[in-house]
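What you see is a predicted model, and the numbers here were worked out from it, not measured in a lab.
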Protein chains: 2
Amino acid sequence: MKNMSVKKKRNGPIMFPKATLERLKMYHALLQEEKSEYISSEEIARKLSIKPEQVRKDISYLDYSGKPKVGYHISSLVDALDELFGTKLRDNIIIIGAGHLGKALANYKGFVNFGIRVVAIFDNDPEKLGTYVGELVVLPLKDLDRVIRRFNVKIGTICVPGESAQKTVDLLIKKGIKAIWNFAPVILEVPENILVENMDIARSVLTLKHLLDRTPTGKIR
Amino acid sequence: MKNMSVKKKRNGPIMFPKATLERLKMYHALLQEEKSEYISSEEIARKLSIKPEQVRKDISYLDYSGKPKVGYHISSLVDALDELFGTKLRDNIIIIGAGHLGKALANYKGFVNFGIRVVAIFDNDPEKLGTYVGELVVLPLKDLDRVIRRFNVKIGTICVPGESAQKTVDLLIKKGIKAIWNFAPVILEVPENILVENMDIARSVLTLKHLLDRTPTGKIR
DNA sequence: TAGATTGTTAATCGATTAACAATC
DNA sequence: TAGATTGTTAATCGATTAACAATC
């Protein structure tokens with residue numbers, strides 16, 4: 001029977017394994033770069049250093065089928081992934097913290113490809129208030145409520161120092177934010193109905209440090 | 001028999017499961033914030049929304065033991081994690097691309113806690129060459145070779161646009177770089193002895209978008 | 001058609017969890 | 001000591017991989 005996944009979708013949402021979702025994001029990144037019309041599971045696998053069976057299995061979760069003997073029609077597969085991730089639906093997000101990172105994010109032009117628009121950036125530092133970051137003026141936190149309602153903001157981006165991250169998050173949740181995109185290098189406590197995606201940028205380099213010390217390549221430190 | 005992990009370490013390096021390494025980084029983040037002297041697996045688990053058995057299992061990989069009836073001595077456990085990740089050994093890294101993100105990373109003060117020092121930032125845009133980013137002057141790529149040798153640089157940080165990421169990586173590898181910290185939103189092809197850590201910052205928000213559309217909380221889009 | 005590639009079921013593998021012994 | 005908590009073994013669960021049938 002073809003496309004069980006479509007059927008499953010009818011009764012309650014499928015929960016994608018975390019690892020599968022991560023790989024689907026990688027396929028999304030890879031396929032957006034591809035110039036050809038079709039690609040095989042074999043080729044996707046090779047470029048990502050995984051097994052082709054894994055690729056086929058992952059793709060079977062999607063509302064999309066490849067063509068035996070031909071492969072996957074790239075633009076259709078990208079469409080299915082866009083659907084999965086909702087990149088065609090716009091989410092307005094806000095950034096809290098107008099430091100180097102907050103400003104870098106606010107200036108990032110690629111968000112449009114992911115259905116993200118940064119509608120405001122906040123900070124409480126009087127030196128920063130009123131200054132411009134791209135098209136946006138840095139606002140004080142007292143304007144949170146108004147902005148969140150006006151732009152129906154669900155996602156709050158935490159770019160404040162670790163010390164103030166938790167209280168910033170508490171405030172955002174009180175103001176109705178449903179998901180936290182956390183760039184502060186700390187673990188946040190949130191109610192269970194709130195989503196958190198941690199992007200501990202600096203700490204991610206520790207994986208490289210760890211592996212450099214343990215692989216033949218890196219042994220020569 | 002106590003501390004099998006220590007024994008195992010003697011014969012060839014243990015390979016930590018990817019998921020375990022990710023959690024160990026979270027413990028590292030969590031424990032650095034803790035003020036008390038001891039903490040139980042129960043409490044760590046609660047704060048991270050995982051099971052205490054998982055915490056004990058993860059910690060059993062380390063060259064460290066907790067105290068029955070008392071818990072884990074926080075500063076000793078942090079030491080063991082620092083050892084695992086090599087945060088006390090300094091790695092000099094370079095940043096390629098002096099855009100918003102590259103500059104934000106170059107300015108980040110927290111790297112010292114992870115044993116990372118940014119020794120140079122590169123760009124080929126004549127407008128940027130010679131300008132200052134914190135203490136650093138933006139250098140042209142022709143200086144790569146000199147800097148990599150002089151500072152024994154193993155890790156190269158990719159902050160260039162997606163279009164130029166692959167050729168930048170090819171160049172870095174030719175110049176002797178062993179590990180790539182990739183912030184470009186593309187999949188890189190590298191020889192198998194080269195390590196890659198992908199930090200596709202913008203694409204990470206897609207997990208939140210996906211879940212917001214599928215959880216009761218977010219349904220009201 | 002024959003052959004190549006997908007899709008899916010079944011087997012395997014590895015990670016998580018449960019249970020409990022060790023221990024302070 | 002008794003009780004609490006770690007450490008470890010065994011059972012379970014879920015994800016990956018292998019095998020192969022479906023299909024164009």
Once you round it to whole Å, what is the distance between [atom2] of [N] and [atom1] of [X]?
{"X": "B/Gln54", "N": "C/dA19", "atom1": "CD", "atom2": "P", "answer": "16 Å"}
{"X": "B/Asp63", "N": "D/dG7", "atom1": "CG", "atom2": "P", "answer": "12 Å"}
{"X": "A/Lys51", "N": "D/dT17", "atom1": "NZ", "atom2": "P", "answer": "5 Å"}
{"X": "B/Leu48", "N": "C/dT16", "atom1": "CG", "atom2": "P", "answer": "14 Å"}
{"X": "A/Tyr61", "N": "C/dT9", "atom1": "OH", "atom2": "P", "answer": "13 Å"}
{"X": "A/Ile50", "N": "D/dA15", "atom1": "CD1", "atom2": "P", "answer": "15 Å"}
{"X": "A/Asp58", "N": "D/dG14", "atom1": "CG", "atom2": "C1'", "answer": "14 Å"}
{"X": "B/Ile59", "N": "D/dT8", "atom1": "CD1", "atom2": "C1'", "answer": "14 Å"}

| Is the shortest side-chain N/O distance from A/Tyr72 to OP1 or OP2 of C/dG7 below 4.0 Å? |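 Yes, such a contact exists.
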| query | At under 4.0 Å, does any side-chain N or O of B/Ser40 touch on OP1 or OP2 of D/dT5? | reply |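 Answer is no, no contact under 4.0 Å.
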Side-chain donor-acceptor pair under 3.5 Å between [X] and [Y], yes or no?
{"X": "B/Lys25", "Y": "A/Thr207", "answer": "yes"}
{"X": "B/Lys51", "Y": "B/Ser41", "answer": "no"}
{"X": "A/Tyr72", "Y": "A/Lys67", "answer": "no"}

| said: If you count heavy atoms of other groups shown closer than 6.0 angstrom to CD of A/Glu83, is the number above 12? | reply: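 Open.
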Closest to the [X] side chain, choosing from [options]:
{"X": "A/Lys69", "options": "C/dT5, D/dT6, C/dT6", "answer": "C/dT5"}
{"X": "B/Pro68", "options": "D/dT6, C/dT6, D/dA15", "answer": "D/dT6"}
{"X": "A/Lys57", "options": "D/dG7, C/dA18, D/dT17", "answer": "D/dT17"}
{"X": "B/Arg56", "options": "D/dT8, C/dC24, C/dT9", "answer": "D/dT8"}
{"X": "B/Ser65", "options": "C/dA15, C/dT9, D/dG7", "answer": "D/dG7"}
{"X": "B/Ser41", "options": "C/dT17, D/dT6, D/dA18", "answer": "D/dT6"}
{"X": "B/Thr20", "options": "D/dT5, C/dT16, D/dG7", "answer": "C/dT16"}

| message | With a 6.0 Å cut-off on the ring centroids, do A/Phe111 and A/Tyr108 count as close? | response |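 That pair passes the under 6.0 Å test.
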| field | Given DNA chain D, 5'-ward residue of the pair A/Lys18 and A/Lys67, judged by closest heavy atom | value |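 Upstream on the strand: A/Lys18.
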| field | Pairwise 5' ranking along DNA chain D for A/Pro17 and A/Glu53, keeping only the more 5' one | value |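 Nearer the 5' end of the strand: A/Pro17.
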| Heavy-atom pair with the smallest gap, counting every atom of B/Ile93 and B/Val153 |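 Between these two residues, the closest heavy atoms are CA-CG1, 4.0 Å.
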| message | Strictly by Watson-Crick or wobble contacts shorter than 3.5 Å, is anything paired with C/dG3, and which nucleotide is it? | response |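 D/dC24 is the nucleotide pairing with C/dG3.
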| said: Does the structure show a Watson-Crick or G-U wobble partner for C/dT12, both distances under 3.5 Å? Name it, or say none. | reply: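 Pair assignment: C/dT12 / D/dA15.
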